[in-house]
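Below is one structure; the comments refer to it alone.
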Amino acid sequence: MSIARRILSRRTFNALAGAAFVAALVPVPSFAQDVTVPIIVKDTTSFYWQIVLAGARAAGKDLGVNVPELGAQSESDINGQISILENAVAGAPAAVVIAPTEFKALGKPIDEAAKAVPIIGIDSGADSKAFSSFLTTDNVQGGRIAADGLAAAIKEATGKEEGEVAIITSLPGVGSLDQRREGFLDQVKTKYPGLKVVADKYADGQATTGLNIMTDLITANPNLVGVFASNLIMAQGAGQAIAENKLGDKIKVIGFDSDEKTVGFLKEGVLAGLVVQDPYRMGYDGVKTALSVSKGEKVEANVDTGANLVTKANMAEPKIDALLNPKVN
């Protein structure tokens, strides 16, 4: 071999070795990067569900998973969510994450979907045993936390855990809301005999209806001292009625979930407290769990993502502040 050819061979070897070294530094596309996991929420316009989607988006970025963000424009659009689920499954994803809008109506569609792909449930249950995993707040416990918070607020204002109270539920037949109602009523009955539930109202998922129901409760029940508004939309409506009538000192309201408006009401004393979940974690861990299931890994059947009572007194604590001010972008 000539000197020139020996030099060329040495250069070729060095070039190939260098290329191999660079290739070793470049991440090889993993299994996850070829995976699509749609997430279907109840309502893409609500701040609560935007936080869920933000968590799912972050998981997709961290894990290299394609996460289409799907959902109807209203929590009451049950048929819309069923169609979205069917279309998502038709795309043959690795798994689907869904927060069912209504317990009974979503049962069979989820059963059918699970025949084709793994289904991960978040937030609210459905009449199905086909979930590969289910991540949610213990909503019965959330209702109990609300009752404890309401009793404490009433006692702080009046010196006793007594008086007329009411509950406003956003929609009938929604698993998470029914469970919050159940936990609240049970806790009041067993732990606070001095509190009398004088009204148990259902709305239609609209904040204006919550406002109207709260206004009617104020008129019809002059001795009312407390209200539990069991989701964000009802807390907005109830809070607006309390603010307009300047009754924050007289009627204590505990809401569920938070946004800029309800946190503002809390700071102003319009609302006495908020039971806050961890929707960001639901979205993030929902996608993470879906990826694990799609790879055949074992996952927990049920995961409690937690709930906390937020008051004006503790809202600045780091843990609580992180729940009230999640990163949505």
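Predicted, not measured: the structure shown is a model, and the values here were computed from it.
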Candidate list [options], test side chain to side chain contact (heavy atoms under 4.5 Å, CB included), partner [X], passing option:
X	options	value
Ile98	Asp123, Ile39, Leu85	Leu85
Gln187	Leu195, Asp148, Val140, Ile145	Asp148
Ile242	Leu211, Asp249, Val270	Val270

Is there a side-chain contact between [X] and [Y] (heavy atoms, below 4.5 Å)?
X	Y	answer
Leu274	Leu266	yes
Lys201	Asp216	no
Asp259	Leu232	yes
Val89	Glu112	no
Thr215	Ile213	no
Val276	Leu324	yes
Val165	Leu150	yes
Glu161	Lys191	no

For [X] and [Y], which heavy atoms make the closest approach, and how far apart are they?
X	Y	value
Pro93	Val117	O-CG1, 3.3 Å
Val328	Ala54	O-CB, 3.5 Å
Ala235	Gly255	CB-CA, 3.8 Å
Pro279	Ile51	CG-CG2, 3.6 Å
Met315	Ile320	CA-CG2, 3.8 Å
Ser124	Thr136	N-OG1, 4.3 Å

Would a distance-only check, ignoring hydrogens and angles, find a side-chain to backbone donor-acceptor pair under 3.5 Å from [X] to [Y]?
X	Y	result
Thr137	Asn139	no
Asn314	Leu309	yes
Gln81	Thr101	yes
Glu300	Val303	no
Asn245	Ala241	yes
Lys312	Lys267	yes

Answer yes if [X] and [Y] sit in the same cluster of Ile, Leu, Val, Met, Phe, Trp and Tyr residues linked by side chain heavy atoms under 4.5 Å apart, and no otherwise.
X	Y	value
Val198	Val253	yes
Phe134	Ile119	yes
Ile167	Leu271	no
Val35	Ile122	yes
Leu135	Val174	no

Examine the side chains of [X] and [Y] and answer whether a donor and an acceptor come within less than 3.5 Å of each other.
X	Y	result
Gln73	Thr44	yes
Gln141	Asp304	no
Glu244	Gln240	yes

Look up atom [atom1] in [X] and atom [atom2] in [Y], then write down how far apart they are to the nearest 0.5 Å.
X	Y	atom1	atom2	answer
Ser128	Asp111	OG	CG	3.5 Å
Phe103	Gln179	CZ	CD	8.0 Å
Asn79	Glu102	CG	CD	10.5 Å
Ser76	Lys42	OG	NZ	11.5 Å
Thr262	Ile233	OG1	CD1	11.5 Å
Thr158	Lys250	OG1	NZ	11.5 Å

Tell me, yes or no, whether the heavy-atom count around [X] atom [atom1], taken from other residues, nucleotides or ligands under 6.0 Å, exceeds 12.
X	atom1	value
Glu297	CD	yes
Lys155	NZ	no
Glu317	CD	yes

Check: side chain to side chain contact (heavy atoms under 4.5 Å, CB included) between Glu75 and Trp49: does it pass, once the steps are laid out?
Finding: CA-CA 10 Å; Glu75 292 196 18; Trp49 295 110; 3.0 Å; yes

Checklist line | Residues in side-chain contact (heavy atoms from CB on, under 4.5 Å) contact with Ala166, at least two apart in sequence or another chain | finding: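 Ala166 satisfies side-chain contact (heavy atoms from CB on, under 4.5 Å) with Ala199, Leu217, Leu224, Val227 only.
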
Notebook entry, point to check: Mind checking whether Tyr284 and Tyr280 have parallel, tilted or perpendicular rings, split at 30° and 60°?
Noted result: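 The arrangement is parallel - the two ring planes meet at less than 30°.
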
Notebook entry, point to check: Is Arg181 salt-bridged to Asp200, cutoff N-O under 4.0 Å?
Noted result: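 Result for this pair is yes, salt bridge flagged.
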
Next item on the list: Please name all residues satisfying salt bridge (Lys or Arg N to Asp or Glu O under 4.0 Å) with Arg144, sequence neighbours left out, ordered by chain then number.
Entry: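 Expected list: none.
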
Item checked: Audit row: Gln277, Thr305, side chain to side chain contact (heavy atoms under 4.5 Å, CB included) steps and yes/no -> CA-CA 7 Å; Gln277 307 178 79; Thr305 53; 5.7 Å; no

